[in-house]
Amino acid sequence: MTTDTPDLGTFGIWRHFSGIPPELARLIETSGYGTIWLGGSPPEDLTSVEEVLDATESVVVATGIVNIWSAAAPAVASSFHRIDKKHPGRFLLGIGAGHPEATQEYQKPYDALVSYLDALDDGGVPVERRVLAALGPKVLKLSADRSAGAHPYLTTPEHTAEAHAILGPDKILAPEHKVVLESDPVKAREIGRPPVNNPYLHLRNYTNNLKRLGYSEEEIADGGSDRLIDALVAHGDADSIARRLRQHLDAGASHVTLHSLPDGDDPSRTYREVAAALH
């Protein structure tokens, strides 16, 4: 087993683990993206990870994220070793505590994360092969101390700069950023606002982070202000989206993963056009 951190490349794709059939995985890889992030709390058997790896040749696959409340650490560690034996060095395990509103068992998430990392240590999952979902300073520091870095979700380049200052220059910092390939800003907001509002603008770990970034209660309420939605959802043509994604790199990100909206639509055109603008 290699303990080296996988090379994620500069840009990746974030998509729900149930929404990446083999042909889409191959399109992502051939378009030049370095990593496919599987979101939506994949189950502990991680078969979705294995299926994407089986369908591709070199792209890295990461979880964004495995939920510590619904996936037991010993089972996840066993799945990690099964996958790494079959596809050495191509899997990065992202874990996180999710959010309290969705999990009845949610208690003291920081302590639970520490215990989960201890269990991954016991299961032989190398520090260099895992990252944490992290927004606030305390979990970002934990990411630096106990993993290869952080995978923040629903953030801005301003947050990336703050996270980079905490993590330091040698850790993975891989923010997710939502994108809508639509040049009409009104139409773009109509697409981008619903998945931001529901659920994230009703979850306190995300709203607390947005408040730390300077957004008011009023801007967060009622589906989010245009200023907030524009900050969280890059829209316009492919060149405009590429410029926004690169702002994360300028702020200290080591890798940026784009999340095409709406989630249910075929994202192939977005992936191809944005890739051409990025590379």
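Here, residue 1 is the first one in the sequence, and each next residue gets the next number. Below, each value reflects all heavy atoms present in this structure, side chains not excepted, and no hydrogens, waters or symmetry copies.
One finds no salt bridge joining R193 and D222 here, because no Lys/Arg side-chain nitrogen approaches an Asp/Glu carboxylate oxygen to under 4.0 Å. Under 4.0 Å is where a charged nitrogen must lie from a carboxylate oxygen, and between D118 and R146 at least one such pair does. R212 has no carboxylate O lying under 4.0 Å from a charged side-chain N of E162, or vice versa, which leaves the two without a salt bridge.
In this structure, NE2 on H248 lies 10.5 Å from CG on L258, to the nearest 0.5 angstrom. Summarising the geometry, atom OH belonging to Y116 is positioned 7.5 Å from atom CD1 belonging to I68; distances are rounded to the nearest 0.5 Å. Summarising the geometry, atom CG belonging to D7 is positioned 7.5 Å from atom OG1 belonging to T35; distances are rounded to the nearest 0.5 Å. L24 contributes atom CG, which lies 7.0 Å from atom CG of D266 (distance to the nearest 0.5 angstrom). Rounded to the nearest 0.5 Å, atoms CG (L181) and CG (L261) are 11.5 Å apart. Once rounded to the nearest 0.5 Å, the distance linking NE2 of H87 with CG of D84 reads 10.0 Å.
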Query raised in the report: When you look at L92 and I172, which way does the side-chain contact (heavy atoms from CB on, under 4.5 Å) test go after all the steps?
Result: CA-CA 11 Å; L92 181 67; I172 289 172; 4.1 Å; yes
Requested in this report: Let me see the working for S143 and L167 under side-chain contact (heavy atoms from CB on, under 4.5 Å), right down to the final yes or no.
Outcome: CA-CA 7 Å; S143 301; L167 287 170; 4.0 Å; yes
**Report entry** side-chain contact (heavy atoms from CB on, under 4.5 Å) between F17 and V66, worked out
**Finding:** CA-CA 11 Å; F17 72 88; V66 168; over 6 Å; no
Report task. Start with the C-alpha distance between D250 and R243, add both sets of side-chain angles, then the distance that settles salt bridge (charged side-chain N to carboxylate O under 4.0 Å, His left out), and finish with yes or no. Result -> CA-CA 10 Å; D250 294 340; R243 283 194 295 273; over 6 Å; no
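Under the 3.5 Å distance criterion, the side-chain polar atoms of H159 are matched with a main-chain donor or acceptor of L135. Side-chain atoms of R15 come within 3.5 Å of backbone N or O of D263 as a donor-acceptor pair. For W69 (side chain) and A97 (main-chain N/O), a donor-acceptor pair under 3.5 Å exists by modelled atom type. With E176 contributing its side chain and L154 its backbone, the two residues share a donor-acceptor pair below 3.5 Å. For S79 (side chain) and E44 (main-chain N/O), a donor-acceptor pair under 3.5 Å exists by modelled atom type. For T207 (side chain) and L201 (main-chain N/O), no donor-acceptor pair under 3.5 Å exists by modelled atom type. With T63 contributing its side chain and L38 its backbone, the two residues share no donor-acceptor pair below 3.5 Å. Distance alone, capped at 3.5 Å, places no donor-acceptor pair between the H151 side chain and the G96 backbone. Looking only at distances, a side-chain donor or acceptor of R90 sits under 3.5 Å from a matching main-chain atom of V59. In terms of modelled atom types and a separation under 3.5 Å, the side chain of R244 and the main chain of V179 share no donor-acceptor contact.
Considering only heavy atoms from C-beta on, Y215 comes within 4.5 Å of R227 through its side chain. Residues E23 and L27 have side chains not in contact (no heavy-atom distance under 4.5 Å, counting atoms from C-beta outward). Residues T156 and H177 form no side-chain contact, since every pair of their non-hydrogen atoms from C-beta on lies 4.5 Å or further apart. Side-chain atoms of E50 and D54, non-hydrogen and from C-beta on, do get closer than 4.5 Å to each other. R130 places none of its side-chain heavy atoms less than 4.5 Å from the side chain of I95. Contact annotation: the side chain of V274 approaches that of L245 to within less than 4.5 Å [non-hydrogen atoms, C-beta and beyond]. The side-chain heavy atoms of L53 and K86, taken from C-beta on, include no pair separated by under 4.5 Å. Between L173 and P152 there is a side-chain heavy-atom pair separated by less than 4.5 Å.
Contact detail for T160 and P175: the closest heavy-atom pair is OG1-CG, 3.7 Å. Counting all heavy atoms, side chain and backbone alike, A133 lies closest to V139 at O-CG1, 3.6 Å. Minimum interatomic distance between H279 and Y33 (heavy atoms only, all atoms of both residues): CE1-N, 4.4 Å. Residue Y271 comes nearest to S260 through the heavy atom pair CE2-CB, 3.9 Å, listed as atom of the first residue, atom of the second, then distance. Here the closest heavy-atom approach between residue S31 and residue A275 is recorded as O-CB, 3.5 Å. Taking each heavy atom of A73 and L120 in turn, the nearest pair found is O-CD2, 3.9 Å.
L132 and V114 fall within a single hydrophobic cluster, where Ile, Leu, Val, Met, Phe, Trp and Tyr are joined by side-chain heavy atoms under 4.5 Å apart, directly or via other members. In this structure, I20 is a member of the same hydrophobic cluster as L93, with clusters built from ILVMFWY side-chain heavy atoms closer than 4.5 Å. V125 and I65 are members of different hydrophobic clusters when ILVMFWY side chains are connected at heavy-atom separations under 4.5 Å. Under the 4.5 Å side-chain heavy-atom criterion for ILVMFWY residues, a single connected hydrophobic cluster contains both L213 and L228. By the criterion of side-chain heavy atoms lying less than 4.5 angstrom apart, applied directly or through intervening Ile, Leu, Val, Met, Phe, Trp or Tyr residues, L249 is grouped together with I13 in one hydrophobic cluster.
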Can you give me every donor-acceptor pair (side chain of residues 230-239, partner residue at least two apart or in another chain, under 3.5 Å) with its distance?
unit_1 : atom_1 : unit_2 : atom_2 : d
D230   : OD1    : R189   : NE     : 2.9
D230   : OD1    : H235   : NE2    : 2.9
D230   : OD2    : R189   : NE     : 3.4
D230   : OD2    : R189   : NH2    : 2.9
D237   : OD1    : D239   : N      : 3.3
D237   : OD1    : S240   : N      : 2.8
D237   : OD1    : S240   : OG     : 2.8

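In this structure, Y153 and W14 have tilted ring planes: the angle between them lies in the 30° to 60° band. Note on ring orientation: taking the six-membered ring where Trp is involved, the planes of F91 and F80 are tilted (angle from 30° to 60°).
Enclosure of atom NZ in K141 is not indicated, since only 12 or fewer non-hydrogen atoms of other residues, nucleotides or ligands lie within 6.0 angstrom.
The salt bridge (charged side-chain N to carboxylate O under 4.0 Å, His left out) test applied to E29 returns no partner, not counting sequence neighbours.
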